[in-house]
Amino acid sequence: MSRSAASRANRRGEPPPSPEPLPSPAVDSHTHLDIALDSDRLPDEAAVDAEIAAAAAVGVPRLVQVGVDVGSSRWSAELAARHPNVLAAVAVHPNEAGAGAATEEALAEIDRLAALPRVRAVGETGLDRFRTGSGGWAAQEASFRAHIRIAKDRGVALVIHDRDAHEEILRVLDDEGAPEHTVFHCFSGDAAFATACVERGAVLSFAGTLTFGNAAYLREAAARTPLDQLLVETDSPFLTPMPHRGRPNASRLVPLTVRALAGVTGVALDELCAALTATAERVFGRWDEELPAGR
């Protein structure tokens, strides 16, 4: 799905109000500010800054802005370079790859961007067997493998998009060898798959889907995941947590998912926020540091 089509599909109703602030800072480990804020062109700086400030006001001062193609990856890197609250991830999304967008030129640009000081991850990349038909699966896998190699070469984290492809994702990771830090974005598996990922050292990032009534399997997976292998995210403007499911998501809604995760894990909210922040800094590096090329 293109950036503009995705944005139009997710502008349903008025944005939800901001929730009660968290008692300690947390991190939105995966957001798409460009998709959330404009359907046909990249948003202006004032709109982006206002969205980042709204998140900070509820205890979410740090974001990871994620690219899905070359254009949005460049924008993500540029935003991170100018804004101290933002780090970037860059990639050609698996559905874009399945449509033929992961050309040699595109992958070379992702590689170039991944070397920038405030680009701290390659992703989202992976496999998607839901939106892309079988004719695009080989191209998806080739792109996924190329992104894994870029992440390892550049010394940055890998952010995985996994939809209906759990075992295939593990097969490719085992074959290629995972980077030091690997994040399963919007974790969608059950407890058994969570265990398989955790045993490989991966970090599982839970989105608003954790709060859905039909997601008991996700809550069980989260409950079995070690505290230091957990992250939270919005995937904004998608996957808005309850009670606002179906309305536009935003980083300022992270507290809803954090509180749900606290209930699932039995960890006190202050302790959970501290752990989520520590894990984000371990995976992506500190937001207040400029890491050199090659790390």
Side-chain angles (χ1 to χ4, degrees), residues 1 3 6-7 9-10 26-36 60 63-68 72 76 89 91-97 121-132 140 144 147 157-170 173 181-191 193-194 196-198 202-225 229-242 244-251 253-258 260-261 264 276 279-280 283-284:
M1 184 182 293
R3 180 175 62 84
S7 182
N10 282 276
V27 175
D28 183 355
S29 72
H30 193 115
T31 187
H32 302 281
L33 286 163
D34 51 331
I35 298 175
V60 188
L63 318 176
V64 180
Q65 161 64 27
V66 180
V68 296
S72 65
S76 299
V92 177
H93 189 284
N95 288 324
E96 299 289 335
V122 168
E124 58 190 277
T125 181
L127 302 174
D128 188 312
R129 300 324 196 202
F130 180 77
R131 292 195 182 279
T132 296
Q140 277 194 354
F144 183 28
H147 282 80
L158 180 73
V159 175
I160 293 177
H161 173 106
D162 164 25
R163 190 162 188 184
D164 297 345
H166 300 334
E167 298 308 317
E168 293 167 280
I169 290 279
L170 294 183
L173 280 176
H181 299 298
T182 298
V183 178
F184 277 78
H185 139 66
C186 186
F187 184 79
S188 59
D190 60 12
F193 184 60
C197 296
V198 164
V203 171
L204 311 186
S205 182
F206 288 88
T209 44
L210 185 76
T211 71
F212 293 178
N214 61 353
Y217 68 100
L218 285 180
R219 291 186 282 275
E220 183 182 1
R224 294 194 184 185
T225 302
Q229 288 177 263
L230 286 171
L231 286 173
V232 293
E233 63 173 88
T234 55
D235 197 26
S236 169
F238 313 102
L239 307 180
T240 311
M242 296 296 288
H244 305 299
R245 185 177 182 180
R247 295 169 71 180
N249 204 358
S251 293
L253 300 182
V254 161
L256 296 173
T257 303
V258 173
L261 187 60
V264 165
L276 293 170
T279 299
V283 170
F284 301 111

Main-chain N/O of [Y] paired with [X] side-chain donor or acceptor, under 3.5 Å:
{"X": "Q140", "Y": "L127", "value": "no"}
{"X": "S236", "Y": "S251", "value": "no"}
{"X": "H244", "Y": "N249", "value": "no"}
{"X": "D235", "Y": "F238", "value": "no"}
{"X": "E220", "Y": "D190", "value": "no"}
{"X": "S205", "Y": "H185", "value": "no"}
{"X": "R219", "Y": "F212", "value": "yes"}

Side chain to side chain donor-acceptor pair (under 3.5 Å) between E124 and H32, intermediate numbers included: CA-CA 11 Å; E124 58 190 277; H32 302 281; 3.1 Å; yes
Partner set under side-chain hydrogen bond (donor to acceptor under 3.5 Å, both in side chains) for E168, not counting sequence neighbours: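 Counting only residues at least two positions away or on another chain, E168 forms a side-chain hydrogen bond (donor to acceptor under 3.5 Å, both in side chains) with R129.
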Option among L256, V254, T240 that satisfies the side chain to side chain contact (heavy atoms under 4.5 Å, CB included) test with T234: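 Exactly one option meets the side chain to side chain contact (heavy atoms under 4.5 Å, CB included) with T234, and it is V254.
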From [atom1] ([X]) to [atom2] ([Y]), nearest 0.5 Å:
{"X": "R131", "Y": "D164", "atom1": "CZ", "atom2": "CG", "result": "11.0 Å"}
{"X": "I35", "Y": "Q65", "atom1": "CD1", "atom2": "CD", "result": "8.0 Å"}
{"X": "F206", "Y": "T257", "atom1": "CZ", "atom2": "OG1", "result": "11.0 Å"}

